[in-house]
Protein chains: 2
Amino acid sequence: MAGKISKTDQRREELRERLIGIAEARIAAQGLASVKVRDLAREAGCAVGAIYNVFTDLNGLVMAVNGRTFRKLGSHVSETVAERPQDRAQDQLITMSLAYLHFAQGNHNLWRALFDLDMSTDMDVPQWYLAELGALFALIAAPIARIFPDWPGDRVDLMTRTLFSSVHGIVLLGLQKRISGVPLDRIEAMIAALLSNVTAQAGKP
Amino acid sequence: MAGKISKTDQRREELRERLIGIAEARIAAQGLASVKVRDLAREAGCAVGAIYNVFTDLNGLVMAVNGRTFRKLGSHVSETVAERPQDRAQDQLITMSLAYLHFAQGNHNLWRALFDLDMSTDMDVPQWYLAELGALFALIAAPIARIFPDWPGDRVDLMTRTLFSSVHGIVLLGLQKRISGVPLDRIEAMIAALLSNVTAQAGKP
DNA sequence: GCGCTAATTTGAACGGCGTTCAGAATGACG
DNA sequence: CGTCATTCTGAACGCCGTTCAAATTAGCGC
């Protein structure tokens with residue numbers, strides 16, 4: 001029995017994928033708060049209890065959606081950078097930041113779910129989360145290390161986290177319609193203002 | 001009847017203040033999610049319905065708590081700056097940012113409630129919110145305008161929002177224990193790294 | 001102080017939520 | 001096909017914010 005791929009396991013895996021897709025569509029269309037077990041069960045054609053055979057709870061399902069979103073985010077950023085291989089390192093930082101902004105704007109609810117869920121629960125982060133985050137950080141660290149060739153690794157790492165957090169903050173508050181209501185080109189200008197200040201320091205102590 | 005201060009109004013106002021205090025203590029101790037109407041009613045010695053005579057709903061009560069928190073935040077930042085009147089403008093920016101960081105760390109749950117509530121509801125922001133935010137922005141804009149005396153007002157405003165959002169992002173992700181788990185002095189170093197890059201641009205185009 | 005009306009306060013009831021678990025259904029296998 | 005174990009089901013549970021008919025109380029002319 002152990003290790004076998006039974007017909008049961010196939011159905012479970014199929015249901016799992018179906019539920020992730022349904023939840024993903026719901027989050028994208030109506031936001032994280034619109035994900036309800038009874039709606040999911042009805043749309044997936046299963047019983048409410050079946051969801052708990054495949055995921056430990058609703059958070060686990062949303063976590064799976066977040067996994068997809070995080071991978072899409074990473075792909076979007078890295079592919080956008082890869083499209084412009086002749087860019088200077090300074091421009092790569094801007095390209096990546098704008099890619100982050102545009103992904104967040106184009107997938108607002110899914111992007112927000114990445115952070116809204118993590119806040120409410122206090123369980124520790126799954127390892128795929130840290131792996132994706134590390135890959136994203138590595139992507140940012142590369143141009144920084146090229147801009148500041150004489151910086152030690154830990155200083156590059158600190159600047160990597162600083163810039164990521166800063167851009168994240170700009171995007172987060174910028175897209176928060178009810179607070180600031182900033183148009184998109186102003187958010188882009190803020191990112192450019194931030195990064196031009198940092199990269200202009202190249203060659204200085 | 002209209003405009004009179006009746007005994008009823010006195011009791012309502014007293015209950016209102018009492019509920020705000022109880023909710024504030026609960027948020028500070030256990031987080032926003034621990035605020036429950038039945039607990040509040042029991043602790044305040046009133047019926048659950050009474051809460052809805054004084055606030056439109058639970059969000060309204062948390063909004064009132066957020067009002068207090070926001071005012072305390074503003075006071076903390078402005079007083080910290082006022083304690084060092086001989087500081088250069090560059091140091092004032094660092095002082096304010098660190099004051100923001102330390103307030104967020106020392107009042108973590110209350111500070112988080114400022115943003116966690118706004119996200120879930122889609123009603124527009126009350127005017128006191130915008131007023132407090134404007135006062136905070138004015139506090140930041142002053143040293144920026146001194147550092148870059150030849151900048152037009154809208155460019156100062158853009159940099160103000162850029163720096164506020166950036167510092168907010170650094171504090172937000174830095175204090176998110178489960179994701180990065182950065183010690184406090186590293187967060188301070190990130191803020192310093194960010195601001196030193198910006199202020200070092202003084203006098204440049 | 002008294003009685004009457006309108007305003008206020010009350011808390012049981014309501015609808016909706018995530019989660020569970022006894023029982024029904026379906027799998028595996030000689 | 002019979003037997004047992006595994007899986008699936010959906011009614012039930014507990015908790016939530018919110019409401020509203022009924023009880024209570026304030027306001028006021030007499």
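Protein chains get the first letters and strands the later ones, always in sequence-line order, with residue 1 at the start of each. Bear in mind the structure is a predicted one, so any value in this text is a computation, not a measurement.
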Using a cutoff of under 3.5 Å, can you pull out all pairs of nitrogen or oxygen atoms linking the protein to nucleotides 21-23 of chain C, with atom names and distances?
none

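Remark: P of C/dT9 and CZ of B/R18 are 12 Å apart, rounded to the nearest angstrom. When the P atom of D/dT7 is taken as reference, atom CG of A/L15 falls 14 Å away, rounded to whole Å. Straight-line distance from the CD1 atom of B/I51 to the C1' atom of C/dG11: 12 Å, rounded to whole Å. If you measure from atom CZ of B/R12 to atom P of D/dA26, you get 14 Å, rounded to the nearest angstrom. Across the protein-nucleic acid pair, A/L19 atom CG and C/dG18 atom C1' stand 15 Å apart, rounded to whole Å. When the P atom of D/dT18 is taken as reference, atom CG of B/D57 falls 5 Å away, rounded to whole Å. Taking atom CZ of B/R16 as the reference point, atom P of C/dT9 lies 14 Å away to the nearest angstrom.
For D/dC8, the OP1/OP2 oxygens have a side-chain nitrogen or oxygen of A/R11 closer than 4.0 Å.
Listed for the A/D157 side chain is no donor-acceptor partner under 3.5 Å among the backbone atoms of A/G153. Checked by atom type and distance alone, the side chain of B/S165 never pairs as donor or acceptor with a backbone atom of B/T162 at under 3.5 Å. No donor-acceptor pair under 3.5 Å is formed between the side chain of B/R26 and the backbone N or O of B/V35.
In B/E17, the CD atom is crowded: over 12 heavy atoms of neighbouring residues, nucleotides or ligands sit closer than 6.0 Å.
Using a 4.0 Å cut-off on heavy atoms, the residues of residues 31-47 of chain A that approach DNA chain C are A/V35, A/K36, A/V37, A/R38, listed by number.
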- Query: side-chain contact (heavy atoms from CB on, under 4.5 Å) between A/R84 and A/Q92: does it pass, once the steps are laid out?
  - Reply: CA-CA 8 Å; A/R84 317 165 110 260; A/Q92 282 190 7; over 6 Å; no

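Tested against A/D116 for a side-chain contact (heavy atoms from CB on, under 4.5 Å), the candidates A/I27, A/N66, A/L32 yield a single pass: A/L32.
Side chains of B/K72 and B/H76 form no contact here, defined as non-hydrogen atoms less than 4.5 Å apart.
Between A/F115 and A/W111, the angle of the ring planes goes over 60°, which puts this pair in the perpendicular group of the 30/60° scheme.
Listed by first and then second residue, the ring pair (Phe, Tyr, Trp, His ring centres under 6.0 Å) pairs involving residues 18-72 of chain A are A/F70-A/Y129 (not counting sequence neighbours).
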